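Below: the structure, in structure tokens.
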Amino acid sequence: MKKIMLIDGNSLMHRAFYALPPLMTSKGVHTNAVYGFVNMLMRIIKEEAPDYIAVAFDRKAPTFRHQEYTAYKANRVKMPEELAGQFDILKQILKAMNIRYVEKEGYEADDLLGSLSKKAEEEGFLTLIVTGDKDTLQLVSPKVHVMLTRKGISEMELYDIQKIKKRFGIKPEAVPDLKGLMGDASDNLPGIPGVGEKTALKLLQEYGTLENILENADALKGKLRENLLLYGEQAKSSKKLATIVRDVDLELDLEELAFSEPDYEKLARIFRELEFYSLLDRLPRQKEGNQQKTVSVCIADVGQLDKVIEEIKARKAVAIEFQTEGKSPAVRLKGIGLSASSDCSYFVPEEVLRENQNLKDKILSLLADREIAKVVHDGKRARVALAKEGIDFIYDFDTMLAAYLIDPSKARYDLESLIYENLGAELKGFEDAGKRASFLLPLKEVLSEKLKNQDMESLFKDVEMPLSIVLADMEMAGIRVDPEKLQRLSLEFGERLESLTDEIYRLAGLEFNINSPKQLGEVLFEKLSLPVIKKKKSGYSTDAEVLEKLKGTHPIIEKILEYRFLMKMKSTYADGLLSLVDRETFKIYSTFNQTITATGRISSTEPNLQNIPVKTEIGRKIRGVFVAENPDHVLLSGDYSQIELRVLAHISGDEGLIEAFVKGEDIHARTASEVFGIPKDRVTSQLRDRAKAVNFGIIYGISDYGLAQNLGITTGEAREYIESYFNRYPKVRDYIRETIKDAKIKGYVTTILNRRRYIPDINSKNYNLRSFAERVAVNTPIQGSAADIIKVAMVKIYNHFKEFKLKTKMLIQVHDELIFDVPKEELEVVKNIVKSDMETAVPLRVPLEVDFKVGKSWEEIS
DNA sequence: ATGAATGCCTA
DNA sequence: GTAGGCATTCATT
């Protein structure tokens with residue numbers, strides 16, 4: 001017998017939505033209901049193996065029921081946005097699964113199910129209706145069964161006539177009568193007052209139908225009889241509304257509902273987009289797109305390699321995957337994978353590379369051939385590894401960088417993840433480099449299409465790709481340090497720490513671990529009974545802010561602050577850096593990460609050269625250990641003055657802000673004068689500092705709470721400052737409003753060079769999450785555009801150095817400044833290049849100013 | 001060994 | 001109020 005499965009789309013989507021925890025893609029699309037629905041659908045298709053399937057949806061009111069009864073579902077709250085948006089996604093999936101969905105103006109899903117099941121019954125089908133709505137039980141017959149969801153949507157219960165009889169003691173046809181008697185709060189249907197499920201069922205078991213009960217009402221007694229007589233008509237009306245219509249003409253032949261194979265490729269694409277990785281896993285593998293049947297050929301002799309190189313040269317393109325080990329820049333090349341087309345790839349293992357010098361040379365010259373376009377994953381790392389082989393490795397498409405631009409908020413950009421997310425193929429860790437290389441070309445196609453669609457081709461090709469070369473060379477250059485100086489600092493800090501430790505123990509009256517916030521908290525707030533200022537999740541807060549407030553209450557406080565500071569200097573900086581000095585070159589080599597930050601900045605690790613102390617005199621001594629390469633060289637620093645505020649002036653177009661920069665004014669002093677309404681020559685340094693805090697606050701996506709916190713004023717006062725600021729710089733307020741609005745609509749924000757960041761929480765109902773997202777939306781275009789600008793400058797400068805064959809090396813980038821090692825004789829020309837490239841990197845409506853300093857150590861130029 | 005919590009350094 | 005990296009302690013594996 002033919003089996004047809006009819007599904008109540010609305011009912012199940014609602015169930016899934018409320019039963020499942022919120023689920024969102026990394027880009028902020030809500031997906032929990034779709035996920036639950038599809039999960040259930042796939043399971044039930046597998047279990048029931050229907051020959052025909054249809055999903056029914058409600059079609060926008062008013063339905064005939066509203067015409068009949070104006071209060072129908074009147075107290076039903078509007079469907080939440082987060083759910084409403086999921087229906088279109090589901091419909092796309094149904095299409096990909098080749099499952100028909102039906103809807104008809106003025107009818108609800110269950111009417112369509114009723115009509116289809118009637119038709120199916122007439123044609124001799126066995127029908128299975130899947131829903132979460134108990135009313136649907138009225139459709140049950142010998143050939144129509146209903147599966148009701150239980151506990152959200154995780155379980156199903158099958159109802160046939162016997163089951164209904166057993167459970168309720170009535171026939172399926174009496175279900176509307178039951179509802180007529182009981183009423184239904186959710187549909188706003190009135191029943192008979194005082195009649196609940198128990199009474200209604202008892203009456204129906206005895207009399208069969210609502211009408212029959214009413215006719216025999218006289219036989220009953222008391223309040224029940226009275227209410228039946230009084231409200232009988234109302235109950236009949238509710239029964240009518242609860243009766244599912246079974247003669248809707250859907251103008252379709254049941255044959256059209258025949259269930260064929262899903263389009264697995266399309267389905268996989270949608271699942272990947274929705275980040276439904278567990279569902280993706282359940283799709284049949286061989287049906288999935290881009291599944292590679294690549295044979296990875298191990299190349300062992302030069303003869304084989306020659307043929308491969310011939311093929312690569314003919315195609316003028318190759319994907320290369322490098323097996324490497326070690327932390328950059330100490331990267332060592334192991335195996336190499338090559339792929340010129342997606343159906344075949346080659347693998348050159350480590351041993352062959354090591355033992356067959358002739359073969360290795362051929363490969364290296366292939367890698368050095370600029371006529372061949374190269375697709376790689378993490379080209380910077382490859383460049384560093386190949387530099388040790390004497391190759392100046394240049395590449396044309398880095399899938400890691402492309403994926404980062406497409407979504408810079410992801411946690412990982414490793415090849416396995418990208419292949420899985422974009423191609424749906426699983427790459428086990430043990431796959432050889434040839435196999436991995438074979439996925440690179442198809443991956444590049446998918447990613448470059450996305451870059452093109454998001455208008456980020458230029459940012460990719462002209463900024464990030466060339467920048468990765470620059471960063472590779474910076475990593476390899478390293479920076480010279482004076483290890484003895486570093487050692488002396490460590491000892492100096494250590495000695496002072498020892499005496500501080502003694503004093504702290506003495507003042508506390510006991511010895512304890514000062515480094516443990518837990519133990520310190522106990523000493524301060526229990527032993528010494530100092531006032532508790534702030535609490536943390538697990539106990540007292542002892543951070544610097546708290547300790548500052550406790551100054552004066554006990555002499556131990558200042559000692560602890562100094563201890564903390566020196567401990568930081570010694571462990572993180574003096575000792576930390578010392579352990580990273582290369583014994584051969586006396587240099588420190590950092591890694592500059594290009595795919596870490598969500599805003600587009602680069603980051604630095606092992607060591608982080610972007611947070612070397614500068615604010616205090618003692619801290620600056622750490623900078624003193626970073627020196628020029630040799631006595632004939634100097635360090636040069638060029639740093640942008642107020643780049644983020646200039647970016648703000650540019651993108652907001654605020655006249656006041658622009659004028660300030662065009663006239664070269666002191667921006668914080670001007671803001672003080674504007675915000676506090678005093679002449680510029682009357683601005684005190686204290687007022688200037690407050691204005692500076694307001695300026696920073698604007699960049700960080702200001703909140704009255706945050707500004708108040710920072711300045712130690714009330715939120716009311718902070719609000720006044722902000723209001724006053726906006727009155728003076730009105731287009732800044734407009735910019736903030738527009739940016740947030742834009743983010744709420746589009747789900748992302750962009751920078752000057754069209755870098756993009758998704759802001760998933762921007763429409764969250766959680767105030768804290770939403771507020772944070774709004775600040776991120778405001779800050780990211782500013783911080784990210786500043787990052788764009790300095791990146792462009794770095795590329796320009798690098799190219800000019802190459803062009804003029806200069807020996808000067810770019811060493812460090814600290815977000816708004818660049819540090820170079822310069823042979824003295826190149827100083828003037830380098831200064832000119834750096835100045836002009838930094839100032840003209842990206843033209844803005846305000847000038848970009850760069851300050852320069854020259855010295856023997858980093859301390860001197862800070 | 002790993003990870004959360006706490007704290008602090010930078011732009 | 002934005003963006004990072006890293007050291008230390010302490011509980012869990």
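Given the structure is predicted, the values throughout are model-derived calculations rather than measurements. Keep in mind that the numbers below use all heavy atoms, side chains included, and drop hydrogens, waters and symmetry copies. Naming convention: chains lettered A, B, ... in sequence-line order (proteins, then strands); numbering from 1 in each chain.
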- Message: Counting neighbours of CZ on A/F586 that are heavy atoms of other residues, nucleotides or ligands and sit closer than 6.0 Å, is the number greater than 12?
- Response: no
- Go through the structure and list residues passing salt bridge (charged side-chain N to carboxylate O under 4.0 Å, His left out) with A/E717, not counting sequence neighbours. none
- Task: Would you kindly give the OH-to-P distance between A/Y573 and B/dG7, to the nearest whole Å?
- Result: 17 Å
- Message: Tell me every residue that passes ring pair (Phe, Tyr, Trp, His ring centres under 6.0 Å) with A/F661, counting only those two or more places apart in sequence or in another chain.
- Response: none
- Message: Counting neighbours of OH on A/Y705 that are heavy atoms of other residues, nucleotides or ligands and sit closer than 6.0 Å, is the number greater than 12?
- Response: no
Contacts table for residues 576-583 of chain A: side-chain donor-acceptor under 3.5 angstrom, sequence neighbours left out:
residue	atom	partner	partner atom	Å
A/S579	OG	A/G576	O	2.8
A/D582	OD1	A/E584	N	2.7
A/D582	OD1	A/T585	N	3.1

- Message: Generate the contact string for nucleotides 7-13 of chain C. Rules: B means base contact, S means sugar-phosphate contact only, - means no protein heavy atom under 4.0 Å.
- Response: SSSS---
- Item | For A/K549, all residues meeting salt bridge (charged side-chain N to carboxylate O under 4.0 Å, His left out), sequence neighbours excluded | A/E545
- So, are A/K835 and A/E839 salt-bridged, with charged N and O less than 4.0 Å apart? yes
- Item | Inter- and intrachain pairs under salt bridge (charged side-chain N to carboxylate O under 4.0 Å, His left out), touching residues 595-617 of chain A, at least two apart | A/R601-A/E644
- Message: Strictly by ring pair (Phe, Tyr, Trp, His ring centres under 6.0 Å), give each pair with a member in residues 497-552 of chain A just once, sequence neighbours left out.
- Response: A/F525-A/Y540
- Message: Among residues 523-551 of chain A, which ones have heavy-atom contacts with DNA chain B below 4.0 Å?
- Response: A/K536, A/K537, A/S538, A/S541, A/T542, A/D543, A/A544
- Message: Applying a 3.5 angstrom cut-off to the pairing atoms, does DNA chain C sit in any stems of at least three consecutive Watson-Crick or G-U pairs? List them by first number.
- Response: B:1-11 with C:2-12
- For DNA chain B, what residues of residues 843-857 of chain A have any heavy atom nearer than 4.0 Å? none
- Rounded interatomic separation in angstrom, taking OH from A/Y563 and C1' from B/dC8: 14 Å
- Under 3.5 Å, is there a donor-acceptor pair linking the side chains of A/Y563 and A/N515? yes
- Report the distance from atom OH of A/Y640 to atom P of B/dT10, rounded to the nearest whole Å. 23 Å
- Query: Would A/E548 and A/K551 pass as an ion pair if we require N to O under 4.0 Å?
  - Reply: yes
- Item | Length of the CD1-P vector between A/I740 and C/dG1, whole Å | 16 Å
- Task: Could you tell me whether A/K853 and A/E817 have a side-chain N and a carboxylate O separated by less than 4.0 Å?
- Result: no
- Task: Could you tell me the separation between the OH atom of A/Y700 and the P atom of B/dT10, rounded to a whole number of Å?
- Result: 12 Å
- Message: Just so I know, are the side chains of A/R646 and A/S641 near enough to count as touching, which here means a heavy-atom distance under 4.5 Å?
- Response: yes
- Task: Specify the residues of residues 758-782 of chain A, ordered by number, for which at least one heavy atom lies under 4.0 angstrom from an atom of DNA chain B.
- Result: none
- Does A/R757 make a side-chain N or O approach to OP1 or OP2 of C/dA3 shorter than 4.0 Å? yes
- Within 6.0 Å of NZ in A/K856, more than 12 heavy atoms from elsewhere: yes
- Message: Short of 4.0 Å, heavy atom to strand atom, which residues of residues 591-622 of chain A count as contacting DNA chain B?
- Response: A/R601, A/Q610, A/N611, A/I612, A/P613, A/V614, A/K615
- Query: How long is the line joining CD of A/Q813 and C1' of C/dA3, in whole Å?
  - Reply: 12 Å
- Query: Between the side chains of A/T324 and A/R381, does any donor sit under 3.5 Å from an acceptor?
  - Reply: yes
- Are A/N593 and A/S603 linked by a side-chain donor-acceptor pair shorter than 3.5 Å? yes
- Which nucleotide in the list B/dC9, B/dC8, B/dA11 gets nearest to the side chain of A/R564? B/dC8
- Just wondering, more than 12 heavy atoms not from A/R728 lying within 6.0 Å of its CZ? no
- Message: Check A/R733 with A/E723, please: is the shortest side-chain N to carboxylate O separation under 4.0 Å?
- Response: yes
- Sidechain N-carboxylate O distance under 4.0 Å for A/K534, A/D543: yes
- Task: Would you indicate what A/I702 reaches in the nucleic acid, counting non-hydrogen atoms under 4.0 angstrom: base, sugar-phosphate, or nothing?
- Result: base
- Would you mind reading off the distance between A/M569 atom CE and C/dC6 atom C1', rounded to a whole angstrom? 12 Å
- Please report, rounded to the nearest Å, how far the C1' atom of B/dA11 is from the CD atom of A/Q642. 12 Å
